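Treat the numbers as computed from the prediction; the structure is a model and nothing was measured.
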Amino acid sequence: MPKDQGLMGWKELAPGMYILEPGNSKKFKTGDWRAFRPVLDKEKCIKCGMCYILCPDICYQQDQDGFFICNLFYCKGCGICAANCPKKAITMVLEEE
Amino acid sequence: MVEIRLHGRGGQGAVTSAELIAVAAISQGDYAQAFPSFGPERRGAPVQAFARIDKNPIRSREKIYEPDVILVLDPTLPKIVNVTQGLKPSGIAILNSHLPEPELRKLLHNFQGKIAVVDATKIAIEELGLPITNTTMLGAFLKATGLVSLDAIEQAITARFGRLAEKNIKALKRAIDETKIY
Amino acid sequence: MRPELKNFKGFTLKNLPEYEGFAQGHRACQGCGTVLPLRLALKALGPNTIAVTATGCMEIVSSPFPYTSWNVPWIHVAFENSATVASGIEAAIKALKRKGKLKSKEKINVVVFAGDGATFDIGLQWLSGALERGHDFIYICLDNEAYMNTGVQRSGATPFGAHTTTSPAGKVVKGQTTWKKNLMGIVVAHNIPYAATANPAFPIDLMNKVKKAALINGPAFIHVYATCPTGWGTKSEDSLLVAKLAVETRVFPLYEVIDGKYIINRKVDKPKPVEEYLKLQRRFRHLTPEQIAYIQERVNQEYEKLLKLAECFGEPQTEQKEE
Amino acid sequence: MTKKVAKEVSVAVAEAVAQCNVDVISAYPITPQTHIVEHLAELVNNGELDAEYIPVESEHAAMSACIGAAATGARTFTSTSAQGLLLMYENLFIASGLRLPIVMALVNRSVSAPISIWNDHSDVMSMRDAGWIHFFAENGQEAVDLIYHAYKVAEKALLPVAVNIDGFILSHVVEPVTFLDQNLLDKYLPPLKMKYKLDPKNPITIGAIGVPEIYTEAKKAQDEALKASYKIILQAWKDFEKLTGRRYLPVETYQMEDAEVAIVIMGSLAENAMNAVDILRAKGKKVGVVRIRLWRPFPTKDFLKAIGKVKALCVVDRAVSHGATGGPVGIEVRSALYQSNKRPRVLNLIAGLSGRDVTKEDFVEIFEKTFETLSKKPTTPYEIYGVKE
């Protein structure tokens with residue numbers, strides 16, 4: 001058995017293995033799960049925010065111009081935003097392209 | 001140490017009597033224990049309860065097998081339960097009965113020791129309106145043993161029964177007067 | 001109307017809170033239709049919230065040490081007992097506030113997230129106890145219709161005919177043989193002030209229901225239809241399409257029961273055939289025309305029942321429109 | 001110091017819990033625990049105790065509610081027995097793993113089957129490895145005092161504490177107890193202040209998944225915490241002695257100074273064993289009793305010191321560990337002895353199952369059996385005492 005597989009020393013743990021920093025999973029990249037990437041056509045976009053509200057991975061944030069932009073650090077490429085965009089302004093594109 | 005075994009029927013208050021004896025003894029500065037026969041209690045079924053009194057702290061977690069005193073709350077019990085089992089020859093049997101002494105001794109398998117008798121059922125019906133004899137029999141216990149003072153037992157009853165205490169104390173006092181010791 | 005709801009205006013796409021109670025970087029599957037309602041609920045509740053989660057997907061994806069996706073205080077204890085853990089939290093808040101040991105002017109929401117297994121099956125007794133005792137908390141059942149976390153085994157919430165790994169579509173027995181347990185019926189029988197169904201394809205409706213549940217004093221229950229592309233065999237981008245069809249086919253009607261009064265939020269007058277809903281999901285692909293016909297018949301019956309309930313124990317219909 | 005009063009031990013325990021100003025009580029009734037929770041409900045409903053009483057639908061729920069309440073920063077209490085404890089089982093490990101200072105009065109009772117409501121230690125032994133601190137009370141006074149200690153220790157060590165009270169033979173006995181004066185108790189037991197708790201002002205995550213990369217470290221930390229609680233316990237007892245003069249030690253001894261043969265036991269039956277010592281000492285026999293009060297963390301050093309120079313020990317267990325090499329205490333004692341050069345003969349008897357009386361006369365006989373081991377080694381690792389062949 002390889003020794004010392006531990007993530008950190010036991011003395012460093014908070015009692016009960018509590019995690020003291022809220023929402024620290026945002027340091028964890030889930031963008032590499034993605035095969036397809038959403039691409040927004042700003043011409044068609046009406047800034048309704050449907051993509052923002054329906055994204056299970058909380059990727060969309062509004063920019064200064066009011067467009068909702070997908071954060072590819074987290075986007076898993078599920079395509080829910082594209083499928084539910086009322087104006088079909090989002091298309092899923094293969095990552096390689 | 002004096003060990004007391006109480007015999008009654010479920011619902012007659014044998015456990016309460018044992019507790020009142022212990023509470024009274026402790027309040028007068030003695031050490032005491034009281035406990036029921038452990039297990040589910042069913043109304044009407046013969047039950048036992050126990051008490052111990054000592055001048056020194058009591059250290060014991062066993063049932064009472066050879067009591068110094070037995071206190072029988074129900075007149076019908078000696079016929080169906082061997083109430084004197086293990087009772088020390090020097091001990092005392094305190095009974096609720098209207099029967100004469102010779103007949104009682106027969107019922108008690110010819111127990112030759114001291115016997116105290118009172119017709120507690122009659123007193124209880126007259127004073128409390130109910131054939132619940134636990135407090136009445138405590139009067140007989142006081143008279144026969146002198147282990148706890150009337151004052152201490154009165155306080156214990158008052159704490160336990162509140163507004164019903166007065167009647168119970170009256171019944172108890174009558175029992176002190178009417179108990180006969182053989 | 002409940003006095004607690006008097007000043008509640010409701011969310012719209014225009015006035016959504018920016019706040020997220022759930023953080024990015026969680027490990028839910030692509031297109032997870034279960035984590036989405038969870039996110040929306042926390043968004044509606046805001047930061048003054050304590051969350052309890054039953055063992056299940058949402059617990060697993062949100063808390064692999066050293067990471068947590070929870071921006072609110074959160075606890076996971078076990079599979080079946082979240083409702084009771086919440087009872088303890090609620091009682092603690094009450095006692096500590098009363099005794100001056102906890103100073104919080106605002107109401108602290110206590111919310112449970114639990115899957116269908118944790119709610120319909122293993123945790124039903126705990127849920128029943130907590131509802132009966134009247135704790136002021138919100139129980140959100142994220143119902144994806146099977147034990148997804150352990151590899152898609154059937155639960156009491158699995159619909160008739162569905163293939164799962166413990167109700168497989170075999171040569172003789174074709175999938176789940178029982179009808180979905182009527183959980184709303186059970187919950188409503190506890191006479192709690194608020195119960196509702198919700199669906200992530202109707203996100204504003206869902207958030208409004210969560211907010212109402214939070215505002216109302218006493219126990220509130222929300223049965224959320226939650227999709228699982230992995231367990232159901234749907235395309236991840238179809239996750240919400242399927243969810244929408246569940247409402248449009250009357251498979252999963254949206255309604256509220258407020259103080260025993262039934263309110264159907266979206267009446268479906270011209271339902272789509274259930275087959276349209278079923279055919280998008282691999283878990284139903286083995287179904288025979290007879291089975292599909294049976295499902296259609298039961299769905300019709302159940303909807304009729306609901307209409308009757310709304311008719312007998314309802315208020316004048318106030319339909320809500322999703323934007 | 002208040003006056004000695006007559007109380008049923010269960011009622012006394014409830015009143016001690018109330019004195020500790022608990023915030024949340026959650027319990028489900030089971031014989032012989034009932035009188036404790038009934039009395040607490042009465043105190044709450046009479047307005048004598050300001051606490052939330054959650055009348056849950058099962059013992060599993062009782063512990064679940066305590067976990068939720070304790071994690072929110074409330075002082076909590078529950079009580080159970082036997083089957084109730086087993087129904088709580090998974091939560092017992094969670095309470096300690098999450099480091100929650102819950103206090104439980106465990107009114108010891110046999111475990112089914114056969115179903116039995118009477119006293120032995122088979123229930124508590126099932127949770128021996130659950131990471132709780134365990135005290136065993138000998139009498140009503142100890143039961144009361146140990147409740148005070150339990151909160152003091154639990155909240156400092158951040159670990160749950162079980163106060164073990166023998167069912168019926170202790171829990172249902174009316175006897176004299178002295179309660180600590182409330183002012184003194186308030187000094188002894190400051191209000192609970194949890195550094196980490198469920199609080200929207202400082203959101204933390206409790207109960208995250210212990211992936212293989214951290215589970216081992218989490219368990220190590222928990223194990224060290226339980227070991228470290230030993231010092232906290234000793235300090236709590238020292239502080240208590242200063243207040244009351246009542247002295248508490250992890251292991252108590254009776255007539256052990258020159259004892260050649262001793263009985264090792266936990267709980268209230270030790271009293272009958274002490275009475276047997278008095279009988280035998282009167283006849284010139286050098287016998288004594290070693291009573292283990294602190295069962296977890298096991299006080300190995302105290303135990304080894306307590307047994308002095310005995311030539312033979314009889315460990316009287318109150319539970320069977322089926323298929324093992326002894327009763328639970330017997331195994332522990334043998335393991336402790338292996339860590340020293342002492343090698344007394346060890347007889348291990350299992351006695352007093354399900355409320356079967358073990359009288360002073362029985363203990364006299366047990367001492368005699370133990371003397372026999374001096375010339376003849378026991379032939380079996382353990383035996384069940386008093387079983388009818």
Residue pair C/Arg27, A/Phe28: steps toward the side chain to side chain contact (heavy atoms under 4.5 Å, CB included) verdict: CA-CA 9 Å; C/Arg27 322 279 176 101; A/Phe28 187 79; 3.1 Å; yes
Worked check of side chain to side chain contact (heavy atoms under 4.5 Å, CB included) between A/Asp57 and C/Gln24: CA-CA 6 Å; A/Asp57 298 309; C/Gln24 299 96 336; over 6 Å; no
NZ (A/Lys26) with more than 12 external heavy atoms under 6.0 Å: yes
Nearest non-hydrogen partners of C/Tyr67 and A/Ile19, listed with the distance: O-CD1, 3.5 Å
Gap between atom OH of A/Tyr18 and atom OG1 of C/Thr68 - 0.5 Å precision: 14.0 Å
Nearest heavy atoms of A/Ile53 and C/Leu16, plus distance in Å: CD1-CD1, 3.4 Å
Heavy-atom closest pair, residues C/Gln30 and A/Arg34: NE2-CA, 4.2 Å
Toward chain C: residues of residues 73-80 of chain A with heavy atoms under 4.5 Å: A/Tyr74, A/Lys76, A/Cys78, A/Gly79, A/Ile80
Atom CD of C/Glu275 with >12 non-hydrogen neighbours under 6.0 angstrom: no
Pick from A/Gly49, A/Cys55, A/Cys48 with the largest number of heavy-atom pairs that fall under 4.5 Å of chain C: A/Cys55
Winner by heavy-atom pair count (cut-off under 4.5 Å) against chain A, out of C/Val72, C/Leu36, C/Thr34: C/Leu36
Crowding at NZ, A/Lys87 (>12 non-hydrogen neighbours, <6.0 Å): no
Chain C contact via A/Asn84 - which portion, at a heavy-atom distance below 4.5 Å: side chain
Residue C/Lys43 versus chain A: region with a heavy atom under 4.5 Å: side chain
Verdict with reasoning, A/Tyr52 to C/Leu13, per side chain to side chain contact (heavy atoms under 4.5 Å, CB included): CA-CA 10 Å; A/Tyr52 158 78; C/Leu13 265 179; 5.9 Å; no
Contact origin within A/Met8 toward chain C - heavy atom pairs under 4.5 Å: side chain
Contacting region of C/Pro66 [heavy-atom separation from chain A under 4.5 Å]: both
Residues in residues 60-69 of chain A that sit under 4.5 Å from chain C, counting heavy atoms only: none
Value rounded to 0.5 Å, distance of CG in A/Leu54 from CG in C/Leu40: 7.5 Å
Interatomic spacing from OG in A/Ser25 to CG in C/Asn71 - rounded to 0.5 Å: 8.0 Å
Reported CD-to-SG distance for the pair C/Glu237 and A/Cys81, which is rounded to 0.5 angstrom: 10.0 Å
C/His26 side-chain N/O to A/Pro56 backbone N/O, donor-acceptor pair under 3.5 Å: yes
Heavy atoms of other groups near C/Lys235 NZ, more than 12 under 6.0 Å: no
